[in-house]
Amino acid sequence: MANGKFFQEVELPDQKHYGNGVRFPAVLSPTTNTTFTEEANVLAFEKAINDEKPWLESLLQKRGAILFRCFPVTSPSEFNGVVEAFSYPEIVYTGGRAPRTKVIGRVYTANESPPEMKIPFHHEMSYLPNFPTKLFFFCEEEPRSGGETPIVLSHIVYEKMKEKHPEFVDKLEEHGLRFITVTGDEDHSSSIGGRGWKSVFMTDDKNVADERAKRLGTKLEWIENGIRIITGPVQAIRFNKETGQKTWFNNLATCKIGPTTGIIQDRDPYVELGNGDLVPENVLKDLLKIMEEHCVAIPWKKGDVMLVNNLTVLHGRQPLLKPPRRILVSLCK
């Protein structure tokens, strides 16, 4: 069991158990000799992070995710302070497709699509060259039921898919993926990828949008009342030098397969292999099943902070069954 000076590892029934007593994710709470008075509250947590940052980073590298539970984080501003205590550079959300709103500082709302919608597993912004390497989640309002943020180790997804569909995975490694999205001017929160092009590229100037898209490896095709955004081919399988493992680093599970309809109201992205081949339906079906079988979905508690290594762990969202639910996020390089 991993322990630091201010942090102790605890066990929850929802964790996955791997060899040598390793649990996923790591769950940390204050040590018994650590007290957070009302005066010090979150400042003491921030100091503990500063004091033990090398140990926390090592734990994150080994486990893929850390859930901090029973720490005194109660507001968006306090969550922002916790994020800043780690000193990771902030990433700008240019090119990101999820509808979200800035709350304070480096803190944003999580995907604002209808909470009863399921969000499949993905690596945040993996379809862009400038993706975040670390994600922070904060539970401001605890769901009464549902609404978990499930996570799954990406190398396990890769290994299982390699066993099940070796020929497809070989083609995926060779050709990568291409994503096609058709959208309009305005945001629509009815879709998990419902940002309009003005929000995606943070401008209302088509020429500026073209320039920013080009820097992101994305091509824009302007159509009547909207735009077709074509991204890729992008790498879909990555090699993790620290672990020596290949990872399923893509957003295939969030997309529709088959030729795009070209309809602006159909804002969810379509995906195909980088050589233009379609993704077989049985491959997508097996992928979703593997992800569900190997994921961890720990119910949120008010004040929870979860740090996720976006290079090695996929995340999603379970449908909210009983509101309220308010999860905030911060994306870091």
Side-chain angles (χ1 to χ4, degrees), residues 2-10 12 25-57 59-60 63-93 96 98-112 115 124 132-144 147-149 151 297-310 313 315 317 320 323-333:
N3 289 282
K5 182 178 179 181
F6 299 100
F7 304 96
Q8 64 179 348
E9 186 170 359
V10 298
L12 297 179
V27 182
L28 300 181
S29 66
T31 56
T32 54
N33 61 347
T34 300
T35 58
F36 294 107
T37 64
E38 187 172 344
E39 293 77 16
N41 52 56
V42 77
L43 296 179
F45 185 23
E46 294 174 18
K47 184 178 185 303
I49 291 169
N50 283 315
D51 291 344
E52 299 202 44
K53 185 179 176 183
W55 178 78
L56 291 171
E57 289 185 324
L59 187 63
L60 179 67
R63 304 293 188 85
I66 302 173
L67 174 64
F68 297 91
R69 176 159 286 184
C70 298
F71 290 93
V73 187
T74 61
S75 68
S77 61
E78 291 179 342
F79 172 51
N80 188 69
V82 170
V83 172
E84 292 186 340
F86 279 90
S87 303
Y88 299 132
E90 183 179 8
I91 195 166
V92 180
Y93 197 56
R100 62 177 82 242
T101 304
K102 184 173 181 176
V103 178
I104 186 173
R106 300 173 57 170
V107 175
Y108 292 77
T109 58
N111 192 308
E112 294 178 357
E124 194 68 38
T133 63
K134 298 176 182 67
L135 315 174
F136 287 89
F137 296 89
F138 167 59
C139 179
E140 184 181 13
E141 287 188 278
E142 175 182 329
R144 293 174 60 194
E148 299 91 346
T149 300
I151 52 178
I298 298 175
W300 284 112
K301 297 293 183 183
K302 181 177 175 60
D304 281 352
V305 173
M306 185 164 66
L307 172 56
V308 175
N309 184 342
N310 190 47
V313 173
H315 70 281
R317 184 184 72 189
L320 179 64
R325 177 191 191 268
R326 184 169 167 86
I327 305 298
L328 304 180
V329 300
S330 186
L331 312 180
C332 303
K333 294 183 180 178

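What you see below is based on every heavy atom in this structure, not just the backbone, and it leaves out hydrogens, waters and symmetry mates.
- Side-chain atoms of Phe138 and Trp300, non-hydrogen and from C-beta on, never get closer than 4.5 Å to each other.
- Side chains of Leu331 and Leu135 form a contact here, defined as non-hydrogen atoms less than 4.5 Å apart.
- Leu56 is not listed as a side-chain neighbour of Leu307, based on a closest heavy-atom distance of 4.5 Å or more.
- The distance between the ring centers of Phe71 and Phe6 does not fall below 6.0 angstrom.
- A pairwise comparison of heavy atoms in Ile298 and Glu148 identifies O-CG, 3.9 Å as the closest pair.
- Expressed to the nearest 0.5 Å, how far CD1 of Ile66 lies from CD of Glu57 amounts to 9.0 Å.
- In this structure the side chain of Thr149 never reaches within 4.5 angstrom of the side chain of Val308, judged on heavy atoms.
- Gln8 has its side chain out of reach of Pro30: every pair of non-hydrogen atoms, C-beta onward, lies at least 4.5 Å apart.
- Cation-pi check for Lys53 over Tyr88 is met; the charged atom lies under 6.0 angstrom from the ring centroid and within 45 degrees of its normal.
- In this structure, Ser29 and Val10 approach most closely via the heavy-atom pair OG-CG1, 3.2 Å.
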Report the C-alpha distance between Arg326 and Glu141 in whole Å, list the side-chain angles of each, state the deciding distance to 0.1 Å, and finish with yes or no for salt bridge (charged side-chain N to carboxylate O under 4.0 Å, His left out). CA-CA 5 Å; Arg326 184 169 167 86; Glu141 287 188 278; 5.2 Å; no
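- In this structure, CZ on Arg69 lies 8.5 Å from SG on Cys139, to the nearest 0.5 angstrom.
- In this structure, CD in Glu140 is found 12.0 Å from CZ in Arg325, a value given to the nearest 0.5 Å.
- Atom OG1 in Thr31 sits 9.0 Å away from atom CZ in Phe7 (nearest 0.5 Å).
- Contact annotation: the side chain of Cys332 approaches that of Arg106 to within less than 4.5 Å [non-hydrogen atoms, C-beta and beyond].
- Under the 4.5 Å side-chain criterion, counting only non-hydrogen atoms from C-beta, His315 is in contact with Phe137.
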